[in-house]
Amino acid sequence: MDTTADVVVIGGGVMGTSIAFHLAEAGVRVVLAERDELGSGSTCKAAGGVRAQFSDEVNIRLGARSLEAFARFGERPGQEIDLHRVGYLFLLSRPEDVAAFEEGVALQNSLGVPSRMVSAAEARRLSPLIETDGLLAAAFSPDDGHCTPESVVLGYATAARRHGATLLTHCEVLGIDAPGGEVRAVETSRGRIAASAVVCAAGAWSAGVGAMAGVDLPVEPLRRQIAFTGPMPDLPRPVPMTIDFTTSFYFHGEGEGLMLGMSDPDERPGFQLDRTDAWLPRLTDAIAARAPRLLDAGLAGGWAGLYEVTPDHNALIGEDAAVSRFLYATGFSGHGFLQGPAVGEVVRDLYLRREPFVDVAPLHAARFAGDRPRPEINCV
């Protein structure tokens, strides 16, 4: 085990491994500490969607930059990630949502994202499983899609090691030594790592990590569940990531069937990871209303994972004002996996005190203390 580093990255999901890769590639001595296996937290439970369709300009830029990186992932860092650019299709049935997405599409187009508003009829041509009753319009971007989260973590981890990073698994962080607001070391279950900088990329567990250094990171864990259908031999392909925005019910192609999911408004914050059937009646109702043919497919398994949610459903990216060199990238509220490549770049540049390709100052955690929330509308 290395006992000295320039930076200790806490968390071995897509965010942590991306940050470790980008720092190590830039010549920074990095140790990453993951209490379990790499990707074993929220990343391995993610739906794998990748997109640039957001309402917030910073998120649009982070999403678009990440899409570029996913498209080149086989070359840099060098890993097959099974990228399917089948598009994202948001189905809209409320006038206020249509207006908001029209505004969002205009902003996305101004930033180079080829999204567009489409009619209900065109939405059904794009995603033939849906019914259009009650639909007013939809928003679609052909560059979006999905890929395999575990492969992204593997690619970043392998390349980070190749550039000299040390990635420690089964290494739990027990404390952060930061006397007088200066990071000195990280205490772990495998010993002390002397370092002058820390990056918290601990996802749903970030609030506890921040508290070790006296840093307030307002992140709460929230259980989300995913289900899979059995094989659907007559499934029309390709299947875009299709999202009924009113209910949050979504599906996309996975193997010979579909992956599908939906939020549960009755879910309360906590670290529950057991599967429950409580959400299934609401999911069944949403399927019956929007894609009734899926009712005949049957469910063949699934899992539960954790969202890392902030009060405005937008990320926390920055460096703490009181604890020097305590950086963080967390609280992505469901869109962390898809922004991992770009955020790795950003955190690298923040550490090196270089100007990132996008100004992430609006995502600083201090926005809540100053009553300056930055809400993201396009959450799933």
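One-based numbering along the sequence shown.
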Hey, what's the ring geometry for F249 with F251, parallel, tilted or perpendicular (30° and 60° as the breaks)?
-> tilted
Parallel, tilted or perpendicular: which describes the rings of F245 and F90, with under 30° parallel and over 60° perpendicular?
-> perpendicular
So, the side chain of S127 versus the backbone of T242: is there a donor-acceptor pair under 3.5 Å, distance only?
-> no
Identify the two heavy atoms, one from S248 and one from S263, that lie closest to each other, and give their separation to 0.1 Å.
-> OG-OG, 2.7 Å
Which pair of heavy atoms, one from Y250 and one from A47, lies closest together, and at what distance?
-> OH-CB, 3.8 Å
Answer with yes or no whether the hydrophobic clustering places V50 together with Y307; edges join I, L, V, M, F, W, Y residues whose side-chain heavy atoms lie under 4.5 Å apart.
-> no
Lys/Arg N to Asp/Glu carboxylate O, E256 vs R237, below 4.0 Å = no
Salt-bridged, D6 to R29, with N to O below 4.0 Å?
-> yes
Lys/Arg-Asp/Glu bridge criterion (N-O < 4.0 Å) met for E267, R224 = no
Carefully, step by step, assess S66 and Q339 under the rule side chain to side chain donor-acceptor pair (under 3.5 Å).
-> CA-CA 6 Å; S66 292; Q339 293 184 349; over 6 Å; no
Side chain to side chain donor-acceptor pair (under 3.5 Å), paired with R290, selected from D244, D133, T247, T132 = D244
With the threshold set at 4.0 Å, does a side-chain nitrogen-carboxylate oxygen contact exist between R65 and E345?
-> yes
Does H146 have its ring centroid less than 6.0 Å away from the ring centroid of F70?
-> no
Would you find more than 12 non-hydrogen atoms of other residues, nucleotides or ligands less than 6.0 Å from E96 atom CD?
-> yes
Side chain proximity check, R325 to Y351, heavy atoms < 4.5 angstrom | yes
E37 vs H170, side chain to side chain donor-acceptor pair (under 3.5 Å): CA-CA, chis, key distance, verdict | CA-CA 7 Å; E37 297 291 342; H170 301 282; 2.6 Å; yes
Can you list the residues that meet the salt bridge (charged side-chain N to carboxylate O under 4.0 Å, His left out) rule with D312, with sequence neighbours excluded?
-> R367
Please check if atom CD in E103 has more than 12 non-hydrogen atoms from other residues, nucleotides or ligands closer than 6.0 Å.
-> no
Transitive ILVMFWY side-chain link F54 to M15, under 4.5 Å = yes
Is D266 salt-bridged to R282, cutoff N-O under 4.0 Å?
-> yes
Answer yes or no: is there a donor N or O on one side and an acceptor on the other, between the side chain of S110 and the main chain of L107, under 3.5 Å?
-> yes
Salt bridge between R85 and D144, side-chain N to carboxylate O under 4.0 Å?
-> no
Under the salt bridge (Lys or Arg N to Asp or Glu O under 4.0 Å) criterion, do R374 and E57 qualify, and how do the steps go?
-> CA-CA 11 Å; R374 179 90 173 192; E57 179 175 345; 5.9 Å; no
Might you work through the side chain to side chain contact (heavy atoms under 4.5 Å, CB included) test for E172 and T188, ending with a clear yes or no?
-> CA-CA 5 Å; E172 183 176 1; T188 80; over 6 Å; no
Determine the sole option in Q53, R51, Q108 for which the side chain to side chain donor-acceptor pair (under 3.5 Å) test with S115 is passed.
-> Q108
